[in-house]
Amino acid sequence: MKTNAVNLTKKEYALPGNRACPGCALSLSYRHILKALEGQVIVTVPASCLTVIQGMYPVTSFNVPCVNTPFATAAASATGLVAGLKALGKTGLTVLAMAGDGGTHDIGIQALSGAAERQTDFIYICYDNEGYMNTGNQRSGSTPLGAISGTTPILGKQHNQKDIAAIMEAHDIPYVATANAAYPLDLYEKVRKAKAIKGTRFIHIFSPCSPGWRFPVNDTIKIGKLAAEIGWCVLYEVENGVFRFTSASESIARRGSNLRPVREYLTEQGRFKSITEEQTKELQDWINARWERCLNRATNLEPPT
Ligand SMILES: Cc1ncc(C[n+]2csc(CCOP(=O)(O)OP(=O)(O)O)c2C)c(N)n1
Ligand code: SF4
């Protein structure tokens, strides 16, 4: 049976009173991730908003064991935890590395790539708020073309973002999925599925951030859903090389409807206030090309014969 708001476990691992900004998509996702793992997890987190949200020892707002690790080392730390559990003969615990896009696309990619190549047995989740938000929104490898950030303050970023899910898929790992904080049950299902698979599993979460992206705090879910409807965030999973659309993206693909134009998304966020017509077109072309690739790969759009 599919999980829904009624049968979702009531057990909480996120305690009341954490230090996230109002409307933070990351804290919403993390709550559902811990529910999916039923608290049977050791988490390792590099320097990021998540470190701040969790609090500092001995005070924490999540009741799971957690290692705070240096910025570049999420996957290296997870590798050590996996080895430690093996040496102790402990089974039944999932090792979860959870990092932002700075800690994944940029500084952490070397450790992550090495661990994935060795098929190390852990789940790696990147929550992507498209910038180094904890330190005041510097641009990262995931900041989009045209977005204003602390280090691209006037003209906005001049390059588009890396497709980290595609990079991880190229490592031939057994499970790669994308998720979106605005669809927490889709994320929950994907973490449940990842938990049951051995080897390196990677989930990328689109994670709207009100202070960094400059939209009202109560619009987090609206922005997340809009991102799915324009195809900025495509929801899918690739299990042993087999690609399936999920959730909102599956519905759009099945309807055969057009994606909404990217302009509708850009105008909702202050970070795109200086974007040019050429950049808007470049983003639209990028979205359209990726959507087309996904449509060509999807194995779950035909009715069963
Ligand atoms: C080697 C190193 N460089 C810089 C920092 C400072 N620092 C701490 S958190 C952070 C930003 C993290 O960005 P990201 O991984 O995207 O996570 P977010 O803050 O967006 O949650 C930076 C630059 C650090 N802790 N260590
Ligand atoms: S800066 Fe963004 S990601 Fe970080 S805690 Fe605030 S809303 Fe969440």
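When a ligand or atom number is given, it counts from 1 through the structure's own listing order.
For the ring pair (Phe, Tyr, Trp, His ring centres under 6.0 Å) with W213, the qualifying choice from F272, Y265, W232, F206 is F206, the only one to do so. Checked against Y127 for a side chain to side chain donor-acceptor pair (under 3.5 Å), the options S48, S29, S27 give a single hit: S48. Among R297, K190, K193, R201, the single residue meeting the salt bridge (charged side-chain N to carboxylate O under 4.0 Å, His left out) criterion with E237 is K193. Just one residue in the list I33, I197, L37, V41 forms a side-chain contact (heavy atoms from CB on, under 4.5 Å) with I123, and that residue is L37.
Counting only non-hydrogen atoms, the option in S207, A47, C24 that gets closest to atom 25 (N) of ligand 1 is A47. Nearest to atom 14 (P) of ligand 1 by heavy-atom distance, out of G141, C126, G102, is G102.
Nearest non-hydrogen protein atom to atom 21 (O) of ligand 1 is Y127 OH, 2.5 Å. Closest protein heavy atom to atom 15 (O) of ligand 1: G103 N, 2.8 Å. In this structure, atom 9 (S) of ligand 1 lies nearest to the protein heavy atom N134 ND2, 3.2 Å. Annotation: atom 8 (Fe) of ligand 2 to nearest protein heavy atom, C24 SG, 2.3 Å. When hydrogens are left out, the protein atom nearest atom 1 (S) of ligand 2 is C209 SG, 3.7 Å; that is the closest non-hydrogen contact. If you check which protein heavy atom lies closest to atom 3 (N) of ligand 1, you get F71 CD2, 3.7 Å.
Between T152 and Q158, the side chains place no donor N or O within less than 3.5 Å of an acceptor N or O (distance only, hydrogens not considered). Between the side chains of S149 and Y132, no donor-acceptor pair of N or O atoms lies under 3.5 Å.
Heavy-atom separations between G131 and ligand 1 include at least one value shorter than 4.0 Å.
Residues F122 and T44 are not in side-chain contact: their nearest non-hydrogen atoms beyond the backbone lie 4.5 Å or more apart. Residues V176 and H171 have side chains not in contact (no heavy-atom distance under 4.5 Å, counting atoms from C-beta outward). With a 4.5 Å cut-off on side-chain heavy atoms, L8 and H32 count as touching.
On a distance-only criterion, T135 and ligand 1 share no N/O pair closer than 3.5 Å. Here's the thing with N129: one of its N/O atoms is less than 3.5 angstrom from an N/O atom of ligand 1. Taking distance alone, with nitrogen or oxygen atoms compared against 3.5 Å, Y132 stays at or beyond that limit from ligand 1. At under 3.5 Å, a nitrogen or oxygen of C49, whether backbone or side chain, sits near a nitrogen or oxygen of ligand 1.
Residue-level proximity to ligand 1 for D101 is carried by backbone and side chain together, each with a heavy atom below 4.0 angstrom.
Close approach of ligand 2 to N129 is summarised as follows: ligand atoms under 4.0 Å from at least one heavy atom of the residue are 3 (S). Distances below 4.0 Å separate heavy atoms of C21 from the following atoms of ligand 2: 1 (S), 5 (S), 6 (Fe), 7 (S). Here is the list of ligand 2 atoms found below 4.0 Å of a heavy atom in P211: 1 (S), 7 (S).
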Intermediate values then yes/no, side chain to side chain donor-acceptor pair (under 3.5 Å), Q284 and N288: CA-CA 6 Å; Q284 188 65 68; N288 293 349; 3.0 Å; yes
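The cationic group of K225 lies under 6.0 Å from the six-membered ring centre of Y183 and within 45° of the ring axis, placing it in a cation-pi geometry.
Because the distance cut-off is set at 2.8 Å, C49 fails to qualify as a neighbour of atom 8 (Fe) of ligand 2, as none of its N, O or S atoms comes that close.
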